[in-house]
Amino acid sequence: RKEVEQDPGPFNVPEGATVAFNCTYSNSASQSFFWYRQDCRKEPKLLMSVYSSGNEDGRFTAQLNRASQYISLLIRDSKLSDSATYLCVVNTGFQKLVFGTGTRLLVSP
Amino acid sequence: EAGVTQFPSHSVIEKGQTVTLRCDPISGHDNLYWYRRVMGKEIKFLLHFVKESKQDESGMPNNRFLAERTGGTYSTLKVQPAELEDSGVYFCASSQDYRGTGGANVLTFGAGSRLTVL
């Protein structure tokens with residue numbers, strides 16, 4: 001079983017749609033959580049950290065459920081520029097990030 | 001502020017040859033990491049330097065891989081001899097001292113070095 005599991009997608013949505021991605025992690029000792037975005041043939045870039053209380057950054061909302069070891073990312077009012085791969089990333093506490101395989105999002109006009 | 005830079009961006013070598021990848025972290029970042037993405041798989045940790053010391057090298061695949069960070073500035077990752085399964089994208093990342101960030105480890109990645117072993 002992978003340490004971080006994500007649905008690879010692709011998720012095909014029209015502009016303006018709301019889309020949600022989920023992720024589960026296996027290590028209950030994990031300490032910090034992130035969503036990274038990766039464009040094709042580019043490096044991963046931090047989208048947002050995920051906090052236990054949930055957090056929002058513009059159109060993006062992240063949630064963490066420690067009891068269920070589940071992380072989510074909600075994107076509202078999707079833009080064409082949101083098309084990318086979204087990586088769920090977990091820090092297991094040893095300053096070593098564990099990545100999911102990513103969920104691909106395609107936003108169409 | 002200059003980001004994390006990696007060189008070369010793409011290297012094509014034959015099986016058995018040697019390749020050295022270089023990473024220049026963001027100035028002032030003590031933490032430097034190497035990660036790798038093999039085609040179809042997730043990005044995986046290779047190792048972590050704190051300044052010039054190897055903090056964690058548990059992800060290094062085998063002894064054909066050698067990472068160095070002399071002087072605590074740039075780092076090199078040498079693969080010798082390269083095998084077909086070493087093909088992939090090697091990412092370098094750096095971060096500041098995490099102890100002041102509540103444990104959160106926010107990394108900035110370089111654009112990666114794509115290695116193709118034929």
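Letters A, B, ... are given to chains in the order of the sequence lines, protein chains preceding strands, and every chain is numbered from 1. From a predicted model like this one, the values you see are computed outputs, not experimental measurements.
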Sidechain-backbone polar pair: B/Y35 side chain, A/L97 backbone, donor-acceptor under 3.5 Å | yes
**Asked** Are B/V50 and B/L32 connected in a single hydrophobic cluster, I mean Ile/Leu/Val/Met/Phe/Trp/Tyr linked by side-chain heavy atoms less than 4.5 Å apart?
**Response** no
All heavy atoms of A/F34 vs all of B/V106, minimum pair found to be CE2-CG2, 4.2 Å
The interface call for B/T108 against chain A, heavy-atom contacts under 4.5 Å, is neither
Enumerate, atom names and distances included, each donor-acceptor pair closer than 3.5 Å involving a side-chain atom of residues 109-117 of chain B, sequence neighbours excluded.
{"from": "B/S113", "atom 1": "OG", "to": "B/P8", "atom 2": "O", "distance (Å)": "2.6"}
{"from": "B/T116", "atom 1": "OG1", "to": "B/H10", "atom 2": "NE2", "distance (Å)": "3.1"}

Per-residue tally against chain B (heavy atom, under 4.5 Å) across A/Q38, A/R41, A/K2, A/Q6 peaks at A/R41
In this structure, CG of B/L107 is separated from NZ of A/K45 (nearest 0.5 Å) by 15.0 Å
dist A/E43:CD -> B/I43:CD1 (nearest 0.5 Å) comes out at 10.5 Å
Residue from B/K41, B/K44, B/R37 scoring the most non-hydrogen pairs under 4.5 Å with chain A is B/R37
Should we count [atom1] of [X] as having more than 12 external heavy atoms under 6.0 Å?
X     : atom1 : value
B/K54 : NZ    : yes
A/Y70 : OH    : yes
B/F7  : CZ    : no

Solution key, residues 17-24 of chain B side-chain donor-acceptor pairs under 3.5 Å, sequence neighbours excluded:
{"from": "B/Q17", "atom 1": "OE1", "to": "B/E14", "atom 2": "N", "distance (Å)": "2.8"}
{"from": "B/T18", "atom 1": "OG1", "to": "B/Q80", "atom 2": "NE2", "distance (Å)": "3.4"}
{"from": "B/R22", "atom 1": "NE", "to": "B/D24", "atom 2": "OD1", "distance (Å)": "2.7"}
{"from": "B/R22", "atom 1": "NH2", "to": "B/D24", "atom 2": "OD1", "distance (Å)": "3.4"}
{"from": "B/R22", "atom 1": "NH2", "to": "B/D24", "atom 2": "OD2", "distance (Å)": "3.0"}

Under the criterion side chain to side chain contact (heavy atoms under 4.5 Å, CB included), I'd like the reasoning laid out for B/E42 against A/V4: C-alpha separation, chi angles, the key distance, then a yes or no. CA-CA 9 Å; B/E42 64 275 20; A/V4 178; over 6 Å; no
